[in-house]
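Owing to the predicted nature of the structure, the values given are computational and were not obtained by experimental measurement. Note that ligands are numbered from 1 as they come in the structure, with each ligand's atoms numbered from 1 the same way.
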Amino acid sequence: MRMRFIKRFSGILFLVIIQQLKGVSQQADLIFVNGKIFTSDTSRLYVAALAVKGNKVLAIGTNEAIKKLASSKTKTIDLAGKTVVPGFNDSHDHLGWLIPVGKFFITPFSVPGLTKEAVIDSLSRLIKQASAGQWVYGTIGITVLNDTSIRRRLLDSLAPNNPVMLAIEWGHGMVLNTKALREINIADTAPDPLSGWYEREQGTKYITGALYEGAQFPAWQALTVSEPQNLLNALRTHALDEMMLGITTVQNMSATLQGNAARRFFTEANLPVRTRIIPMPGSTDKGRSLAEWNNKNTKLSPLTYVSGIKYVIDGTSLEQTALMTKPYANRDRWFGKLNYPADTIKQILTEALTGDRQLMMHIVGDSATSVVLQLMREMASPQIWKTKRVRIEHGTGIISGAAAQAVRELGIIIVHTPQYGKGATLKTWLQMGIPVAIGPDALINPYLNIMFITTQQTDKTENISREQAVIAYTKSAAYAEFADDYKGTLTPGKVADLAVLSQDIFTIPSQQLPSTTSVLTMINGKVVYELKTKNN
Ligand SMILES: [Zn+2]
């Protein structure tokens, strides 16, 4: 029955296709000519010209071939030799993180961070300026987080009427005062949530104000939404920064906003950059807080969509909370820990196998990495796992040959973070056939990250080429979000997401890379950003 149906209608289908080939569809809306266009498609890596029709790439090729697709209505952009790349896809960012709300101080990234004296000095100054009830926050490093004299009691003496947060800049620990704990309804009787913990004074239930890992979620959200207009402004400013750098997709690990808040703010923000919202559920003592992310509404605005799910499986080596096979040097028999019990990790993997949400896991410790890889092997065959495109964020725990081998077999994607991953065997991963995307974790400048991964790996032989770097940042990044069917390369039929660059990132000296900008950014076939110079 079905066969006969196909036979009867295939003739008509054929005719329609022929008509489309002959007809208006071959005329471009816009053509780029005289360029150095990098496609990220290894079968044809560089072309001189590209045609756009609607929101898609119509054709690529020589100037001559592409000019034939122009009519009198077609707009022509003469690239005058400029370099074009597919729009960068930042595979790991945290939108809303450290936005300007309340009174705050943000220091440049530093592991030790400010001294206690400097923090108290800054806080005291800001508290005087704050209005009643307004949040006061600042970023700290390990020095202050590990100093148990800077806790709730001291902060209360400075700020009895304002919620105060001192947050580790990379997100794995914070200190709050009483007012902030009240804002998020945490009393001393509160049991620890599943995926994190409250530091308590020895032998008592008294919470010192230090919160770790998954215990921080409510505080992040409370701070982030405390001045809603500032949040919207920050999201839009961030999108503009991205467009100025040629970033056309951002994959946002939604830690600062949970389901309902994320949907509300991102719908209203209606961002011009493709924005993938990746649910990052918090937890209570009862378990993971999945209910807020159960909503099936996955398209929040024309370019904003919700998909996948992310869990932070262990901490970082900086707080000594990443689970390692060797004990931390200065502590007796302390190996770090997992943020979830083994049965929850098993449940998370079961959901990845049976559901349709792509699983992403922050895993840092080498022991945490091998625990997860072992569980995956026990639970399903590599053939099944490959279809799931599980991601390991950062990938710093994948150092040994055996772990890398397991990652390859299971089809896991490593979302490499250049700023943390200088010791990674980056080139070896690519040679093994492991898909690698780039997850800058808020250090968004793609050219700075390209400089890191092409010249600054600890082992020089692990530096990759600039072409490989751009492919990881575009084609592989699209693969890493199940979006390679419609974006990631500049090839006919893919969406026209691209950036015309201020300099040739494939040939300039590496130290010049970070100063690169986009001079024209196109998303979905529309020019969304253009640098205006005096000459035009
Ligand atoms: Zn992150």
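- For residue D441, an N/O/S atom approaches the Zn ion (ligand 1) to within less than 2.8 Å.
- Of all the heavy atoms in Y529 and S518, the pair that sits closest is CE2-O, 3.4 Å.
- Between W170 and F109, the angle of the ring planes lies from 30° to 60°, which puts this pair in the tilted group.
- The aromatic ring centroids of Y447 and F452 lie 6.0 Å or more from each other.
- H394 and H416 have their aromatic ring centers separated by at least 6.0 angstrom.
- Distances from the Zn ion (ligand 1) show that H92 has an N/O/S atom below 2.8 Å.
- Because the distance cut-off is set at 2.8 Å, H394 fails to qualify as a neighbour of the Zn ion (ligand 1), as none of its N, O or S atoms comes that close.
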